[in-house]
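Residue numbering restarts at 1 for every chain, and letters A, B, ... go by the order of the sequence lines. The figures here come from the full heavy-atom set of this structure, side chains too, leaving out hydrogens, waters and symmetry mates.
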2 protein chains.
Amino acid sequence: MISQTAEYALRAIVYLGNQAGEACTTAQLAGEIDAPPSYLAKVMKGLGRAGIVGSRRGLHGGFTLSRDPNDVTLLEVVNAVDAFHRIRNCPLGRLAHQSGLCPLHRRMDDVMAAAEKSLQRTTIGELLEEPGLLCTVPCIAEPVVLESEAAL
Amino acid sequence: MISQTAEYALRAIVYLGNQAGEACTTAQLAGEIDAPPSYLAKVMKGLGRAGIVGSRRGLHGGFTLSRDPNDVTLLEVVNAVDAFHRIRNCPLGRLAHQSGLCPLHRRMDDVMAAAEKSLQRTTIGELLEEPGLLCTVPCIAEPVVLESEAAL
DNA sequence: GCAATTATAGATGTAAAGGTCCGTTTATCC
DNA sequence: GGATAAACGGACCTTTACATCTATAATTGC
């Protein structure tokens, strides 16, 4: 549902939203949100095409949020890089189900619909205003050493 | 979220649930639920290991539901073949978020949690009792000709 | 016991998602 | 204008999900 690509996109947008208009290069961003730099470049391209971020080339260039964070929903970000899929027709192509899915797929799509709506309800702005630290903004933060590793 | 593999598994279980104990071979099943036979064989193995279906080899063998359909949840079926993933720790491994996710991942996991719960609430039995035709039980059903194809 | 039928196991192939690399273009600084 | 720093575009590689194939083991009917 949320691909790795969408994860990167969301992290990047949240980070940019916190930067108050300061341009941020792909390399910087990649470091901050812990994404592979060259792949992130691709993801940012997608966000640019969708009009969510703007970009400037050359020295002191980089990416900025091009819209009000309160106006950008999580769903928009996800859809920009990796479209969210609802079940619109019977996956088996049954004629009898052209209008109206069977009970199974009705439920499945209900789940999808709820997820979609939930992503649409939340804006980047809301996340920025919430008290908790954003994990794209590490303060005291250090990489976690897992118990399994620590035991070695 | 729901992989192709999970789709096949759910279709198969729904179909078997409707067969009232009659054993069904992989080849038969594959035809009915429109899944690649040799791949379905693998999927069924997974369902067998999870104890959801039982199998018999040899002539007149095949698969049967090994439990009461009212007792098998959609989530169980999905988990049997392709575990459902929640966000339990900060994906960036931030120490500051070992207990409690950041606002972004809190939302993301909320979406997952809702989906998980929704899948857990519904049983195979409920689907079988619903009025609509199951699309794994084609009656009048013929493959749909899409408008885009019909226009050619 | 033999032939047919079926699940089981595992090796292999294919397609899509995830990820890297490099040359080109645009902008800035000196 | 030359050097540098960035996004851009596209070719390429890698990993994983999806799918196929073949051989083996269990079961049945004769």
Side-chain angles (χ1 to χ4, degrees), chain A residues 1-13 15-16 19 22-66 78-85 91, chain B residues 1-13 15-16 19 22-66 78-85 91:
Chain A
M1 183 164 70
I2 27 170
S3 63
Q4 189 61 40
T5 305
E7 246 286 320
Y8 293 151
L10 286 166
R11 287 186 207 169
I13 296 299
Y15 183 83
L16 288 180
Q19 293 313 97
E22 277 292 298
C24 186
T25 72
T26 303
Q28 249 181 287
L29 248 180
E32 298 288 356
I33 72 172
D34 194 32
S38 36
Y39 189 60
L40 183 60
K42 263 191 188 172
V43 177
M44 296 310 293
K45 224 186 306 181
L47 294 172
R49 270 195 297 269
I52 298 176
V53 300
S55 62
R56 277 182 52 85
R57 300 207 223 194
L59 198 60
H60 308 136
F63 292 94
T64 48
L65 251 199
S66 60
V78 170
N79 274 332
V81 295
D82 183 10
F84 196 91
H85 282 315
Chain B
M1 185 163 72
I2 28 169
S3 63
Q4 190 60 39
T5 304
E7 246 286 321
Y8 294 151
L10 286 166
R11 288 186 207 169
I13 296 299
Y15 184 82
L16 288 179
Q19 293 312 98
E22 278 292 298
C24 187
T25 71
T26 304
Q28 248 181 288
L29 247 180
E32 298 288 357
I33 72 171
D34 194 34
S38 36
Y39 189 60
L40 183 61
K42 264 195 185 168
V43 176
M44 296 310 293
K45 225 187 304 184
L47 293 172
R49 270 195 295 270
I52 298 175
V53 300
S55 62
R56 278 182 52 84
R57 302 207 224 193
L59 199 62
H60 308 136
F63 292 95
T64 47
L65 251 199
S66 60
V78 170
N79 274 331
V81 295
D82 184 8
F84 196 91
H85 282 313

Participant: Starting from C1' on D:dA19, measure out to OH on B:Tyr8 and report it in whole angstrom.
Facilitator: 8 Å
Participant: C:dT6 P sits how many Å from B:Glu22 CD, rounded?
Facilitator: 13 Å
Participant: Calculate the interatomic distance between A:Gln28 atom CD and D:dA7 atom C1'; express it in whole Å.
Facilitator: 14 Å
Participant: Is there a side-chain contact between B:Tyr15 and B:Gln19 in this structure, where contact means two heavy atoms from C-beta onward sitting under 4.5 Å apart?
Facilitator: yes
Participant: As a test of reading the structure: which of C:dT28, D:dA7, D:dA19 is closest to the side chain of B:Gln4, going by heavy atoms?
Facilitator: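 The closest nucleotide is D:dA19.
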Participant: Take the protein atom OH of B:Tyr39 and the nucleotide atom C1' of C:dA15, then report the distance between them rounded to whole Å.
Facilitator: 13 Å
Participant: Would you say the side-chain atoms of B:Asp82 and B:Thr5 include a donor-acceptor pair closer than 3.5 Å?
Facilitator: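 Looking only at side-chain atoms, B:Thr5 and B:Asp82 do not form any donor-acceptor pair under 3.5 Å.
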Participant: Assign A:Gly62 to base, sugar-phosphate, or nothing according to its heavy-atom contacts below 4.0 angstrom with the strands shown.
Facilitator: sugar-phosphate
Participant: Between D:dC18, C:dG10, D:dA7, which nucleotide gets closest to the side-chain atoms of B:Lys45?
Facilitator: C:dG10
Participant: Could you state the CE-C1' distance from B:Met44 to C:dT6, rounded to the nearest angstrom?
Facilitator: 13 Å
Participant: I want to verify a distance call: between C:dG18, C:dA7, C:dC29, whose nearest atom is closest to the B:Thr25 side chain?
Facilitator: C:dA7
Participant: Find the distance B:Asp82:CG to D:dA17:C1' and express it as a whole number of Å.
Facilitator: 9 Å
Participant: In whole angstrom, what separates B:Ile2's CD1 from D:dC18's P?
Facilitator: 12 Å
Participant: Is the base of D:dA7 touched by the side chain of A:Arg57 through a donor-acceptor pair closer than 3.5 angstrom?
Facilitator: yes
Participant: Quiz question: going by heavy-atom distance under 3.5 Å, is there a donor-acceptor pair between the base of D:dT27 and the side chain of B:Arg56?
Facilitator: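 Absent.
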Participant: Checking the side chain of B:Ser66 only, and the main-chain atoms of B:Gly51 only, is there a donor and an acceptor separated by less than 3.5 Å?
Facilitator: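 At least one qualifying donor-acceptor pair exists.
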Participant: Can you check whether A:Leu29's main-chain N or O pairs, donor with acceptor, with A:Glu32's side chain at less than 3.5 Å?
Facilitator: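 Answer holds: no.
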Participant: Mind calculating the distance between NZ (A:Lys42) and P (D:dA7) to the nearest angstrom?
Facilitator: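 In whole Å, D:dA7 P lies 16 Å from A:Lys42 NZ.
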Participant: For A:Gly58 and for A:Ala41, locate the closest nucleotide of DNA chain D by heavy-atom distance; then report the residue assigned to the nucleotide nearer the 5' terminus.
Facilitator: A:Gly58
Participant: DNA chain D: A:Cys24 or B:Pro37, which has the more 5' nearest nucleotide?
Facilitator: A:Cys24
Participant: Taking only the side-chain heavy atoms of B:Ser38 (C-beta and beyond), determine which of D:dT20, C:dA27, C:dT6 contains the nearest atom.
Facilitator: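 Output: D:dT20.
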Participant: Below 4.0 angstrom from OP1 or OP2 of C:dG18, is there any side-chain N or O of A:Thr5?
Facilitator: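 So the side chain of A:Thr5 is within the cut-off, an N or O lying under 4.0 Å from OP1 or OP2 of C:dG18.
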Participant: Taking A:Ile33's backbone N and O only, do any of them form a donor-acceptor pair with A:Arg11's side chain (distance below 3.5 Å, no angle check)?
Facilitator: yes
Participant: Please tell me if A:His60 has a side-chain N or O lying less than 4.0 Å from either OP1 or OP2 of C:dC29.
Facilitator: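 For C:dC29, OP1 or OP2 has a side-chain N or O of A:His60 closer than 4.0 Å.
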